[in-house]
Amino acid sequence: MDLGFLFLDQSWSLMQLRSLLCASFAFLLLATTLVVVAVDNSTYYVPRDDILLNCGASGQASSFDGRSWTGDTGTRYAPSLNAGGFDALRLDPSVSTVPYSTARVFTSPFTYRFPLSAGRKFIRLHFYPSDYSNHAASDAFFSVTSGPYTLLHNFSAYLTADALNFAYLIREYSVNVSTGGLNLTFTPSTTHPNSYAFINGIEIVSIPDLFSSATPLLVDGDDGHIVYTIDPDQALETVYRLNVVGKQLPP
Ligand SMILES: *[C@@H]1O[C@H](CO)[C@@H](O)[C@H](O)[C@H]1NC(C)=O
């Protein structure tokens with residue numbers, strides 16, 4: 001099942017939401033399911049876990065949006081990474097230096113281990129397909145798994161970015177963490193010669209559990225609204241975002 005997340009950045013009445021949804025229904029048929037979440041401007045959610053890992057780098061650095069990223073060299077999430085990051089051979093001028101100018105490259109399976117509080121998290125994976133030292137961009141085919149979930153399989157950032165005409169890629173997931181935190185494993189494909197896995201940036205951020213039965217969502221359909229819950233063991237991938245109000249929303 002695909003889910004489009006639609007975050008509204010003002011308080012909307014149910015009537016407003018209904019008419020908005022009716023007006024846009026034909027367009028929204030593109031999505032299998034639509035989840036509408038009204039977010040009140042006056043209250044800000046403070047994430048308990050908020051990790052920004054700048055892979056292949058050391059120390060602190062800020063991205064263009066002012067957020068501070070920590071290099072994964074010597075990180076407690078992967079203590080064996082004490083050196084060996086790669087620089088992108090050439091950075092497209094449209095691409096933010098942090099986290100895209102450096103990468104971690106894996107020629108065998110590698111796992112980051114994040115001890116986290118329980119609850120839902122965003123996982124955002126950042127990829128800038130480039131040659132990294134003697135690793136050609138087109139040779140990277142790999143999987144990314146988190147516990148029982150396969151987030152990416154036989155993934156080529158090079159082919160995907162080329163097909164979409166994007167310079168870099170962000171893949172975003174919502175995964176519920178129970179106890180013991182979250183593992184992220186990068187596994188190069190064994191069927192492609194010279195294959196390797198790589199990653200430029202990892203974000204893991206707590207999000208409010210909007211999906212559990214304790215806080216059910218109202219989903220509008222043809223027959224009025226229904227209560228919709230998503231089980232904790234269901235992981236989601238963001239398919240698209242639609243910024244209804246049009247105001248700039250920071251990362
Ligand atoms: C991986 O993807 C490539 C490119 O789409 C394809 O040619 C290849 O057959 C796939 N390999 C596997 C094992 O699925």
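Numbering of ligands and ligand atoms starts at 1, following listing order. Worth knowing before you read on, the calculation uses all heavy atoms, side chains too, and leaves out hydrogens, waters and symmetry mates.
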- [ ] For atom 9 (O) of ligand 1, decide whether some protein heavy-atom distance is shorter than 4.0 Å.
- [x] no
So, the side chain of T102 versus the backbone of F86: is there a donor-acceptor pair under 3.5 Å, distance only? no
Atom 6 (C) of ligand 1 sits nearest the protein heavy atom N154 ND2, 4.2 Å
heavy-atom search around atom 7 (O) of ligand 1 in the protein gives H192 CE1, 4.7 Å
Please indicate, with yes or no, if any protein heavy atom is found under 4.0 Å from atom 2 (O) of ligand 1?
yes
Using the six-membered ring wherever Trp is involved, compare the ring planes of F142 and F155 and label them parallel, tilted or perpendicular (cut-offs 30° and 60°). perpendicular
The atoms of ligand 1 lying under 4.0 Å from a heavy atom of F141, numbered in the order shown, are 2 (O), 3 (C), 4 (C)
Under 3.5 Å: donor-acceptor pair, side chain of D131, backbone of A136 = no
among protein heavy atoms, the one nearest atom 5 (O) of ligand 1 is L159 CD1, 4.4 Å
Within 4.0 Å of some non-hydrogen atom of T191, the atoms of ligand 1 are 13 (C)
* Asked: Using the ring of each side chain (for Trp, its six-membered ring), is Y196 parallel, tilted or perpendicular to H135, with breaks at 30° and 60°?
  -> tilted
task: Tell me whether the centres of the aromatic rings in F186 and F110 are closer together than 6.0 Å.
output: no
Worksheet entry | Between Y128 and F198, ring centroids under 6.0 Å | no
